[in-house]
Amino acid sequence: MSALAAQLFREVRPDFFGVLARPSARLYVDSLDALEYEAVQRNQGLDREEALALVERVVEQHGDLSAAEDESVAQAATTRDKARIVLETLRKTGWLYEEERTDWQRRIFFDANGVVLVQALRKIACPEAAVFSDKLVNVCFTLTNRDALADQPWAQVESCVASLQAGLVELRGMQKSIERHTKQQLAASTLKENLAVLFDQFAERIGRTCYAQLVHARLPSKLAEARRAIEELEANAELLTKMQTEVMRRDPAVSPEGAMAHARVRLDELANLL
């Protein structure tokens with residue numbers, strides 16, 4: 001088991017993600033969406049009857065759920081019984097927890113980790129418009145600014161690595177948006193719908209906000225200059241020594257050899273990202 005898995009399953013139950021992999025996942029995702037939306041607005045949690053009513057409405061929307069998808073839910077006698085099964089499953093798997101108050105009220109709370117995951121699911125389902133910022137341009141400017149590199153080479157290199165990683169995520173977001181619009185065009189049943197996707201959506205969300213800025217940035221030539229700047233940095237003994245010293249200052253336990261190796265590995269990473 002990897003370190004991530006070990007840490008993850010100390011925080012959540014092993015079957016926490018199971019509700020998202022069930023044949024009836026669509027029912028559970030919509031139930032989680034409804035419950036989380038209401039729960040985060042209530043500091044005192046949801047009354048159990050309120051929670052049941054929310055899930056019941058979702059169950060009604062999924063009236064076509066078959067026994068093959070979820071036998072226990074599909075065969076329950078009433079919609080309220082089906083909602084109870086869904087709510088209990090979410091409680092057992094750790095998405096919800098229940099408190100019984102001194103006044104005998106039973107309050108339903110949404111798990112904090114569940115809130116994070118539901119919000120991530122919403123972003124996947126309804127992605128924000130792709131953007132192209134100046135992160136990559138700033139990296140190129142920084143690496144070709146010899147005065148800035150000479151003053152704080154290690155800090156600049158670390159900052160550039162982080163900015164490049166974020167910039168590449170933006171580019172992948174643009175790629176995903178293009179793929180999404182292409183699928184919409186292919187799925188259009190009429191020429192009018194096809195052109196609407198192309199001119200009303202693609203041109204606005206990709207052409208003007210992303211692609212035009214990417215072209216205007218003239219990245220290919222700037223990236224080539226940045227690569228040459230890294231090659232010069234890798235051959236500059238004085239700046240490499242300053243980077244080595246900074247690595248050792250931040251981590252006194254590291255040896256001079258280890259610090260130099262760490263600096264060179266970081267430069268290789270930076271070059272590969274470019």
Side-chain angles (χ1 to χ4, degrees), residues 4-130 173 176-177 180-181 183-184 187 189 193 197 201 205:
L4 175 60
Q7 293 172 357
L8 179 63
F9 291 112
R10 278 198 296 267
E11 292 293 324
V12 299
R13 301 179 188 183
D15 54 354
F16 180 80
F17 300 100
V19 296
L20 304 178
R22 290 168 172 247
S24 56
R26 56 196 181 97
L27 169 62
Y28 282 91
V29 168
D30 285 346
S31 296
L32 289 169
D33 182 41
L35 288 166
E36 191 274 343
Y37 181 81
E38 289 295 330
V40 295
Q41 301 180 59
R42 315 277 190 91
N43 292 330
Q44 302 302 317
L46 291 171
D47 180 80
R48 182 176 174 80
E49 288 302 311
E50 289 181 299
L52 271 173
L54 285 170
V55 178
E56 194 172 2
R57 285 199 291 270
V58 174
V59 170
E60 290 172 349
Q61 294 166 5
H62 290 270
D64 59 341
L65 187 75
S66 66
E69 291 177 286
D70 196 313
E71 184 175 358
S72 61
V73 174
Q75 294 184 353
T78 66
T79 304
R80 177 53 64 101
D81 290 337
K82 294 177 181 180
R84 286 195 183 95
I85 293 171
V86 172
L87 199 67
E88 182 62 14
T89 299
L90 294 176
R91 187 191 66 79
K92 287 182 177 179
T93 53
W95 285 88
L96 308 173
Y97 61 94
E98 193 171 31
E99 287 184 3
E100 189 168 315
R101 303 295 179 87
T102 55
D103 57 3
W104 304 106
Q105 278 194 329
R106 298 167 72 183
R107 310 293 294 184
I108 301 289
F109 293 86
F110 210 95
D111 180 73
N113 292 318
V115 172
V116 173
L117 191 49
V118 168
Q119 291 174 352
L121 293 175
R122 289 191 186 118
K123 288 184 178 180
I124 294 173
C126 304
E128 298 175 353
K176 192 71 177 179
S177 293
R180 188 180 307 114
H181 282 92
K183 289 179 181 178
Q184 290 175 352
S189 57
E193 291 177 9
V197 172
Q201 298 178 33
R205 299 175 189 175

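Numbers for residues simply follow the sequence, beginning at 1.
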Asker: Under a 4.5 Å cut-off applied to non-hydrogen side-chain atoms, are Tyr28 and Leu20 in contact?
Answerer: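 Side-chain contact under 4.5 Å: no.
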
Asker: Looking at every non-hydrogen atom in both residues, tell me the closest pair between Glu49 and Asp47 and how far apart they are.
Answerer: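 Nearest pair, atom of Glu49 first, then Asp47: N-OD2, 2.9 Å.
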
Asker: For the pair Asp111 (side chain) and Gly114 (backbone), establish whether a donor and an acceptor sit closer than 3.5 Å, ignoring hydrogens and angles.
Answerer: yes

Asker: Do Glu60 and Arg57 sit within salt-bridge range, that is, some charged N less than 4.0 Å from a carboxylate O?
Answerer: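 No, this pair does not count.
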
Asker: Quick check: closest heavy atoms across Glu36 and Val115, and the distance to 0.1 Å?
Answerer: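 In this case the closest contact between Glu36 and Val115 is OE2-CG1, 3.4 Å.
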
Asker: Any chance you could measure Leu117, atom CG, to Leu121, atom CG, to the nearest 0.5 Å?
Answerer: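 Rounded to the nearest 0.5 Å, the CG-CG separation comes to 4.5 Å.
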
Asker: Indicate the atoms forming the closest heavy-atom contact of Ala76 with Ile85, along with that distance.
Answerer: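 Here Ala76 and Ile85 meet closest at CB-CD1, 4.0 Å.
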
Asker: What I want to find out is whether Arg80 reaches Glu56 closely enough, with some N-O distance under 4.0 Å, to be called a salt bridge.
Answerer: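 Answer for the salt bridge query: yes.
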
Asker: When you compare the side chain of Lys82 with that of Leu65, does any pair of heavy atoms fall below 4.5 Å?
Answerer: no

Asker: Using modelled atom types and a 3.5 Å cut-off, is there a donor and acceptor pairing between side-chain atoms of Arg48 and backbone atoms of Glu98?
Answerer: no

Asker: Quick one: are Glu69 and His62 in side-chain contact, heavy atoms under 4.5 Å?
Answerer: no

Asker: Does Gln119 reach the main-chain N or O of Val116 with its side chain, forming a donor-acceptor pair under 3.5 Å?
Answerer: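 No, Gln119 side chain to Val116 backbone: no donor-acceptor pair under 3.5 Å.
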
Asker: More than 12 heavy atoms of other residues, nucleotides or ligands under 6.0 Å from OH of Tyr37: is that the case?
Answerer: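 For Tyr37, atom OH is not crowded (no more than 12 foreign heavy atoms under 6.0 Å).
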
Asker: I need the minimum non-hydrogen distance between Leu90 and Ser31, along with the two atoms involved.
Answerer: CD1-CB, 4.4 Å

Asker: Test your reading of the model: is there a side-chain donor-acceptor pair from Arg107 to the backbone of Gln44, 3.5 Å cut-off?
Answerer: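 Yes; at least one donor-acceptor contact below 3.5 Å.
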
Asker: Between Asp70 and Leu27, is a side-chain contact (heavy atoms from CB on, under 4.5 Å) present by the stated rule, with each step listed?
Answerer: CA-CA 10 Å; Asp70 196 313; Leu27 169 62; 5.6 Å; no

Asker: Does the pair Thr89 and Arg22 meet the rule for a side-chain contact (heavy atoms from CB on, under 4.5 Å), with working shown?
Answerer: CA-CA 12 Å; Thr89 299; Arg22 290 168 172 247; 3.4 Å; yes

Asker: Check salt bridge (charged side-chain N to carboxylate O under 4.0 Å, His left out) between Arg13 and all other residues, then give those that pass, not counting sequence neighbours.
Answerer: none

Asker: Could you pull out all residues at least two apart from Ser189 that satisfy side-chain contact (heavy atoms from CB on, under 4.5 Å)?
Answerer: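 So Ser189 forms a side-chain contact (heavy atoms from CB on, under 4.5 Å) with Glu193.
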
Asker: Of all the heavy-atom pairs spanning Pro23 and Ala68, show the shortest one and how long it is.
Answerer: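 Closest heavy-atom pair between Pro23 and Ala68: CB-O, 4.1 Å.
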
Asker: Evaluate the criterion side-chain contact (heavy atoms from CB on, under 4.5 Å) for residue pair Leu8 and Phe16; output intermediate values, then yes/no.
Answerer: CA-CA 11 Å; Leu8 179 63; Phe16 180 80; over 6 Å; no

Asker: Classify the ring geometry between Phe110 and Trp95 as parallel (under 30°), tilted (30 to 60°) or perpendicular (over 60°).
Answerer: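 Rings of Phe110 and Trp95: perpendicular, as their planes differ by over 60°.
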
Asker: How far apart are the closest heavy atoms of Val58 and Ala34, and which atoms are they?
Answerer: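 Heavy-atom minimum between the residues: CG2-CB, 4.1 Å.
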
Asker: More than 12 non-hydrogen atoms from neighbouring residues, nucleotides or ligands closer than 6.0 Å to CD on Glu88, yes or no?
Answerer: yes

